[in-house]
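Presented below is the structure to which this report refers.
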Amino acid sequence: MKAAVLHAAKDLRIEGAADPSPGAGEVLVRVRAAGLCGTDFRIWSGDRPVRYPLIMGHEFIGEVAAVGAGVANVKPGDTVAVEPNYSCGSCALCREGNRNLCLSRTAVGIDVDGGFAELALIPARCCWPAPPGLSPEQLLLSEPLAVVVRAVSRSAVRTGETAAVVGAGTLGLLATQVLRSRGARVLVVSRSDRRLSLARALGAEAVQSLAAGPGAEAARRFSGREGVDVVVETAGTPEAVEEAVDLARPGGRIVLTGLPHEPSRVHFFWVVRRELTIVGSMIYQDEFPEAMRLLRDGAVNAEALVTHRFGLDRIQEAFAAQRAPASIKVAVIP
Ligand SMILES: [Zn+2]
Ligand SMILES: [Zn+2]
């Protein structure tokens, strides 16, 4: 098989490798599409240390090529979305049902080889059979969509409530649609106005570029009161977390699902004064089926988010495109 192998920071080579064969409990997936995200870029650039050589790629989908002994949930020929994280299954967190929080979690494409290849070997429990009729590009968004489904669930948003989404990248544009499907009215707040017309097309009732004015004022105007009921933060920057606190009304709920790598200067005075509830939301537990259902029902338009496609041989260009302001989701099609 052909694979993109990372040998050191920024040293990514297309190589031939022996086809892996599935052992007990494993599934060999023929990769049909793999998405790039900020995590891949941080690994590629060396910001995030990994062991080399590594085949990156954690957002991918494909077709089951072969299964090992004891695999019952999928069979050859099935189309599957891959859940690229698996927990140890035996620690206290796993046993109490918090497998997304397991400290011995294995991330496919980060800790072990992933989907920037023609074939990928993964545990059977990471395979979610896809409903019929979804295109590879729709299905490709099930991983980030599962992240968002969990975040929105943790907000406990109710029909008729107002919600603000911070960030208009893949997660923000998906969150907008999931919040809409739960009956919320959505304001999207973003650093620039680049994707705000797309946010509107995907269901945002109002949008605010922070370059044009403060988010808090827009949130008051939009909600007709002190701020919005619910904020979903997807940008993962220290400033975006501060922004989230500004947007919420007293008694509001904030869900953080972007991962800020630097400390944030949140004024906790306002968290107390407004009695805000702030919760984190870490990847997903069992949100893949719900994500795929939303795609199947057309509640979420995923295809509008795939802006670039490259063959595996052109993966270097895919990394360049991932950094370009015009890109949302960049796909590698092996
Ligand atoms: Zn990712
Ligand atoms: Zn565990």
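Just so you know, ligand 1 is whichever comes first in the structure, and atom 1 is the first atom listed for that ligand. Predicted model only: the values in this text are computed from it and were never measured.
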How long is the span from the CZ atom in Arg314 to the CD1 atom in Ile333, to the nearest 0.5 Å? 11.5 Å
Roughly how far, to the nearest 0.5 Å, is CG of Leu28 from CZ of Arg30? 7.5 Å
Given a threshold of 2.8 Å, state how many protein N/O/S atoms are nearer than that to the Zn ion (ligand 1). 3
Check whether more than 12 heavy atoms from other residues, nucleotides or ligands sit under 6.0 Å from atom CZ of Arg180, and answer yes or no. no
Counting only protein N/O/S, how many atoms fall short of 2.8 Å from the Zn ion (ligand 2)? 4
For the pair Asp111 (side chain) and Ala107 (backbone), establish whether a donor and an acceptor sit closer than 3.5 Å, ignoring hydrogens and angles. yes
Between Thr307 (side chain only) and Ser327 (backbone N and O only), is there a donor and an acceptor less than 3.5 Å apart? no
Would you say the side chain of Trp128 lies within less than 4.5 Å of the side chain of Pro289, judging by non-hydrogen atoms? yes
In terms of relative ring orientation, are Phe41 and Phe319 parallel, tilted or perpendicular, with 30° and 60° separating the classes? tilted
With distance as the sole test, does Arg200 use its side chain to make a donor-acceptor pair with the main-chain N or O of Glu205 at under 3.5 Å? yes
Check whether NZ of the Lys or CZ of the Arg Arg185 lies under 6.0 Å from the centre of the six-membered ring of Phe222 and within 45 degrees of that ring's axis. yes
